[in-house]
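Throughout, protein chains are lettered first and strands after them, A, B, ... in sequence-line order, and every chain is numbered starting at 1. Computed from a predicted model, the values in this text were never measured in an experiment. Values below: every heavy atom of this structure, side chains too, minus hydrogens, waters and symmetry copies.
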There are 2 protein chains.
Amino acid sequence: MGAREPLSRARVVTAALALVERHGVEALSMRKLAAELGVEAMSLYNHVKNKDDVLDAIAEVVFADIALPAPTADWRTDALALAHAFRAAALAHPRTASLSLTRQLGYPALPVTEAALALMTRAGHDPEQAVHASRALLAYVIGTLLREINSTTDPDALRHTTLTTSGLPHVTASAAHLAVCHHESEYRFGLELLLDAVALRVAG
Amino acid sequence: MGAREPLSRARVVTAALALVERHGVEALSMRKLAAELGVEAMSLYNHVKNKDDVLDAIAEVVFADIALPAPTADWRTDALALAHAFRAAALAHPRTASLSLTRQLGYPALPVTEAALALMTRAGHDPEQAVHASRALLAYVIGTLLREINSTTDPDALRHTTLTTSGLPHVTASAAHLAVCHHESEYRFGLELLLDAVALRVAG
DNA sequence: CTTGACAAGCTTACGGCGTAAGTGGGACCG
DNA sequence: CGGTCCCACTTACGCCGTAAGCTTGTCAAG
């Protein structure tokens, strides 16, 4: 019965992340988290302020995992790379990513925000337009990833609700949307669309 | 001591919506909701399956409140009108809207989905591209509204976390983002950007 | 008028939750 | 060796969602 590795904030956060990825956010409780670490619930509070602190901490991990691409000569390449890195990080921890995209994170998200802003400035926007454009880019990325993650987690939510509704007034749209689900290529499609528009706006 | 108005699903949902708008989602409990209606918690279950059912129901309200604009000759006008209607409905119930944008809603969101799809088809896209483009539009709308709603609900979350962080390595970006906060005009900016790109893609 | 079914409220009860507050022992420093 | 501090444990409180059962008012059929 040797001494076990001592608890630490890092160990708590890691365990919380694992628990959320395995069973979803709603399954995360301080008691279960403690059990996971072979410890009583209240011991966690020596390393963590409260449950919200834990949620913030795991949400940050996703942003921390975004490998910001080094800027190249072409802002457009960089934009695609940034968006791709964002998506990769989100898909690496899908259930946690829902949290990250939803929660209001200030500082942890800043590097990404700033990268997007720098990018749009380099593209030739004036400062105010650069802010607008970078936010548009991030809004698209976040909106798309939210949808993608939800449909991955719960793949036939739409199909189910449509089929159990009698009368089916709107099958056409749902069928069309279900038929097209190559997430990655769709992501690129919207991205290119947006970047085309940015380029156009700067040129014209 | 006359007989009070009997409970009904509609009354429950209305009260839940009001409670959420007043005190936030985390303040919604079956007990408080019942108290609001002058009733005991378990009575609610005669009209509602469970708490999740309540949450779904209030989330639907936002979509139901989107006044779908009648199609005109110009798809672009219609796209702006749709986005504007979406935004109006979301801002009318901001705290509930977070739920609506986050939760996976199948059927209730369908009219909007279909309107966007129809619009992109009318713009000249082939069916598959129309799906992609409509999803891009909705992703932008949802991503933007999430940000807007969160920053309205909790206006200085970013400022606070930045200021309390010593070292402040990234003040530039956050300051720039804070300085620009005319939500409505920003919304239009990104929207026009996206629609320009759609028009371009169809023409070229 | 009686009866019995049914809808819709109330009561009780259970297990789980987050966390405030206090306890105790082991490690380290004087 | 005594003191101090860290850190895990224990206890306890009030809230939660909801299963199960009970009560009461309403109303149609006999």
Side-chain angles (χ1 to χ4, degrees), chain A residues 1-61 95-96 98-99 102-105 154, chain B residues 1-61 95-96 98-99 102-105 154:
Chain A
M1 331 292 142
R4 269 169 302 108
E5 181 135 357
L7 225 45
S8 71
R9 184 178 169 96
R11 285 213 328 130
V12 171
V13 171
T14 302
L17 187 66
L19 205 158
V20 166
E21 284 307 322
R22 248 180 312 135
H23 299 106
V25 213
E26 66 285 348
L28 176 64
S29 81
M30 298 302 274
R31 284 141 138 86
K32 287 190 205 146
L33 178 52
E36 199 86 356
L37 292 159
V39 128
E40 297 301 313
M42 291 308 292
S43 302
L44 301 176
Y45 287 85
N46 288 317
H47 305 274
V48 139
K49 202 153 69 53
N50 52 34
K51 186 180 180 177
D52 243 46
D53 190 20
V54 175
L55 290 173
D56 280 343
I58 65 178
E60 282 183 27
V61 171
R95 314 187 96 143
T96 308
S98 290
L99 265 189
T102 287
R103 257 162 185 269
Q104 189 70 7
L105 297 178
D154 185 5
Chain B
M1 322 273 136
R4 271 169 303 108
E5 179 136 359
L7 226 46
S8 71
R9 183 179 169 97
R11 287 216 324 131
V12 171
V13 172
T14 303
L17 187 66
L19 205 159
V20 166
E21 283 308 321
R22 249 180 312 133
H23 300 103
V25 213
E26 66 287 348
L28 175 65
S29 79
M30 299 302 272
R31 285 150 138 96
K32 287 190 204 145
L33 178 52
E36 199 87 356
L37 292 159
V39 130
E40 297 300 315
M42 291 308 292
S43 301
L44 302 176
Y45 288 84
N46 288 318
H47 305 276
V48 140
K49 203 155 66 56
N50 52 34
K51 186 180 180 180
D52 242 47
D53 190 20
V54 175
L55 290 173
D56 280 341
I58 65 178
E60 282 183 26
V61 171
R95 314 189 93 145
T96 308
S98 287
L99 264 188
T102 287
R103 257 164 186 270
Q104 189 71 7
L105 297 178
D154 186 6

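Contact detail for B/L33 and B/A16: the closest heavy-atom pair is CD1-N, 3.5 Å.
Across all strands shown, B/S29 has heavy atoms under 4.0 Å from sugar-phosphate atoms exclusively, and none from any base. Within 4.0 Å (heavy atoms only), A/K32 reaches sugar-phosphate atoms of the nucleic acid but no base atom.
Between B/H47 and C/dG9 there is a side-chain polar atom (N or O) within less than 4.0 angstrom of OP1 or OP2. Applying the 4.0 Å criterion to OP1 and OP2 of D/dC7, one finds that A/S43 has every side-chain N and O outside that range.
The A/M42 side chain lies nearest to D/dT11 when the options are D/dT11, C/dC10, D/dT18. In this structure, of D/dA8, D/dT18, C/dT19, it is D/dT18 that holds the atom nearest to the side chain of B/R31.
Taking atom CD of A/E40 as the reference point, atom P of C/dG18 lies 14 Å away to the nearest angstrom. Between the NZ atom of A/K49 and the P atom of C/dG18 there is a distance of 15 Å, given to the nearest Å. One interatomic measurement links the two molecules: CD of B/E26 to C1' of C/dG18, which rounds to 14 Å at whole-angstrom precision. For the pair B/M30 CE and D/dA19 P, the computed distance is 10 Å after rounding to whole Å. The separation between B/L44 atom CG and C/dA7 atom P is 18 Å, rounded to whole Å. Atom CG of B/L37 and atom P of C/dG9 are 10 Å apart (whole Å). If you take OH of B/Y45 and C1' of D/dG21, they are 16 Å apart, rounded to a whole angstrom. Distance CG (B/D52) to P (D/dT18): 8 Å, rounded to an integer number of Å.
Rounded to the nearest 0.5 Å, atoms CG (B/L19) and CZ (B/R95) are 10.5 Å apart.
The shortest distance between side-chain heavy atoms of A/L55 and A/L28 falls below 4.5 Å. When side chains are defined from C-beta on, A/R103 counts as touching A/D52, because their heavy atoms get closer than 4.5 Å. The shortest side-chain heavy-atom distance between B/L37 and B/L7 falls under the 4.5 Å cut-off.
Interface remark: the B/N46 side chain does form a donor-acceptor pair with the C/dG9 base, using a distance-only criterion of under 3.5 Å.
Each of B/L28 and A/A41 lies near DNA chain D, and the nucleotide nearest A/A41 is the one positioned closer to the 5' end.
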